[in-house]
Protein chains: 2
Amino acid sequence: MEYLKEYLINEGIHPSYQRLRIFEYLDRGEFHPTVDMIYNELAKEIPTLSKTTIYNTLNLFKKNGIVTRLTIEANEVRYDTNMQLHAHFKCDDCGMVYDIQVEIPYLTSLTVDGHRICERHLYLKGTCKNCLKETR
Amino acid sequence: MEYLKEYLINEGIHPSYQRLRIFEYLDRGEFHPTVDMIYNELAKEIPTLSKTTIYNTLNLFKKNGIVTRLTIEANEVRYDTNMQLHAHFKCDDCGMVYDIQVEIPYLTSLTVDGHRICERHLYLKGTCKNCLKETR
DNA sequence: ATCATTGCAAACACTTTGCATACGC
DNA sequence: GCGTATGCAAAGTGTTTGCAATGAT
């Protein structure tokens, strides 16, 4: 946990207990949780935790560029600590969101049609391989 | 307007006056309006129009596959009648959303990592060419 | 002692639901 | 006349804001 603390400090974020726990939770692999997921999970161990703090914290993380907001779905925002360029696949059946490694030179382009690009999101939707198995 | 009527009927949608007007408004080029934009514009000419009707109508259009929901931004849903595969660029300065014609073979692939893809969205963000001009 | 963070409660914004009215065939 | 579409009001959701209490140095 010590290295996470240093990471936050490096990014200009005072590493309070709540912030550390929220970042640690986000940073556990390909997870992309929603605010509710974070709250429900962490509130078990931090009973005083409030959703306001989670919103504050995620907005701070976003502002400082250490998380990305995923808007695959109109009604659910997910958060990702993996800042490298990659795509996301969401399964319409089970709701799982997968990281997809893409190799699209085009995506890394700095401009398109004269517009300057500074953020890219490739979202795919369908049925994931696990759900495909079950319906087979 | 007659051909729009026939189009809706073909897609299994009863072409009421409100539905026609909403679809016609959506279908005016690269526009991608939000519910509010549709409402504000059409309410001028259809004073009794309610937002509920717009929500009902857009959900119906979505269900019948004649519009796509764009979720470039967490807090704003936009609607698009262009069902062909293309990307969207949103300008952080002026808020304008542009259609981008892309040629990425990968994007048309039917599967990735064993998952079956049935919907694709490529969202780009940055500063559009018009806003770049002004700050120059 | 001071300044920043937390978290409650209230406010806000967006979308859906329930239902009575109005419309079109 | 009947079945559907409309639109008001209310409910439901997700997020932000105001502010007092708390915590860290």
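Chain naming here is simple, since letters A, B, ... match the order of the sequence lines and numbering starts at 1 in each.
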Problem set entry | Euclidean distance, atom CG of residue A:Asn75 to atom C1' of D:dT15 [Å, nearest integer] | 14 Å
Problem set entry | Residue-phosphate contact under 4.0 Å: B:Thr48 side-chain N/O, D:dG7 OP1/OP2 | yes
Seminar exercise, completed: Heavy-atom nearest nucleotide on DNA chain C taken for B:Asn59 and for B:His14; more 5' hit belongs to B:Asn59
Exercise. What does A:Thr53 touch in the nucleic acid at a heavy-atom separation under 4.0 angstrom: a base, only the sugar-phosphate, or nothing?
Worked result: base
Problem set entry | Nearest to side-chain heavy atoms of A:Thr52, which nucleotide of C:dT15, D:dT16, C:dT6 | D:dT16
For this session: May I ask you to evaluate whether B:Gln18 reaches the phosphate of D:dG7, defined as a side-chain N or O under 4.0 Å from OP1 or OP2?
Result: yes
Exercise. Does a side-chain N or O from A:Ser16 land closer than 4.0 Å to OP1 or OP2 of C:dT6, or not?
Worked result: yes
Problem set entry | Euclidean distance, atom CG of residue B:Asn40 to atom C1' of C:dA13 [Å, nearest integer] | 14 Å
For this session: May I ask you to decide if B:Met37's main-chain N or O and B:Thr34's side chain share a donor-acceptor pair within less than 3.5 Å?
Result: yes
Exercise. Expressed in angstrom and rounded to an integer, what is the separation of B:Leu49 atom CG from C:dA22 atom C1'?
Worked result: 15 Å
Scan the side chains in residues 80-98 of chain A for donor-acceptor partners under 3.5 Å anywhere in the protein, sequence neighbours excluded, and list what turns up.
from: A:Asp80; atom 1: OD1; to: A:Asn82; atom 2: N; distance (Å): 3.0
from: A:Asp80; atom 1: OD2; to: A:His86; atom 2: NE2; distance (Å): 3.0
from: A:Asp80; atom 1: OD2; to: A:His88; atom 2: NE2; distance (Å): 2.9
from: A:Thr81; atom 1: OG1; to: A:Asp27; atom 2: OD1; distance (Å): 3.0
from: A:Asn82; atom 1: OD1; to: A:Gln84; atom 2: N; distance (Å): 3.0
from: A:His86; atom 1: ND1; to: A:Gln84; atom 2: O; distance (Å): 2.5
from: A:His86; atom 1: NE2; to: A:His88; atom 2: NE2; distance (Å): 3.0
from: A:His86; atom 1: NE2; to: A:Asp99; atom 2: OD1; distance (Å): 3.1
from: A:His88; atom 1: NE2; to: A:Asp99; atom 2: OD1; distance (Å): 3.2
from: A:Lys90; atom 1: NZ; to: A:Glu73; atom 2: OE1; distance (Å): 3.1
from: A:Lys90; atom 1: NZ; to: A:Glu76; atom 2: OE2; distance (Å): 2.8

Exercise. To the nearest Å, how far apart are A:Leu58 CG and C:dT6 C1'?
Worked result: 15 Å
For this session: Would you confirm whether the ring centroid of A:Phe61 sits within less than 6.0 angstrom of the ring centroid of A:Tyr79?
Result: no
For this session: Mark yes or no for whether A:Arg19, through its side chain, and A:His14, through its backbone, hold a donor-acceptor pair below 3.5 Å.
Result: yes
Exercise. Taking the side chain from B:Arg69 and the backbone from B:Asn59, do they hold a donor-acceptor pair closer than 3.5 Å?
Worked result: no
For this session: To the nearest Å, give me how far apart NZ (A:Lys51) and P (C:dG7) are.
Result: 14 Å
Problem set entry | Integer-rounded Å distance: D:dA5 P and B:Arg21 CZ | 19 Å
Exercise. Across the strands shown, which category fits A:Glu76 at heavy-atom distances under 4.0 angstrom: base, sugar-phosphate, nothing?
Worked result: nothing
Exercise. Is the shortest side-chain N/O distance from B:Tyr55 to OP1 or OP2 of C:dT15 below 4.0 Å?
Worked result: yes
Exercise. Tell me: CG of A:Leu42 to P of C:dT6, nearest whole Å?
Worked result: 13 Å
Problem set entry | Selected nucleotide, minimal atom distance to B:Val35 side chain, candidates C:dC14, C:dT15, C:dT17 | C:dT15
Seminar exercise, completed: Rounded to whole Å, OH of B:Tyr39 lies from C1' of D:dG7 at a distance of 10 Å
Exercise. Can you tell which of D:dT16, C:dT5, C:dT17 lies closest to the side chain of B:Asn56?
Worked result: C:dT17
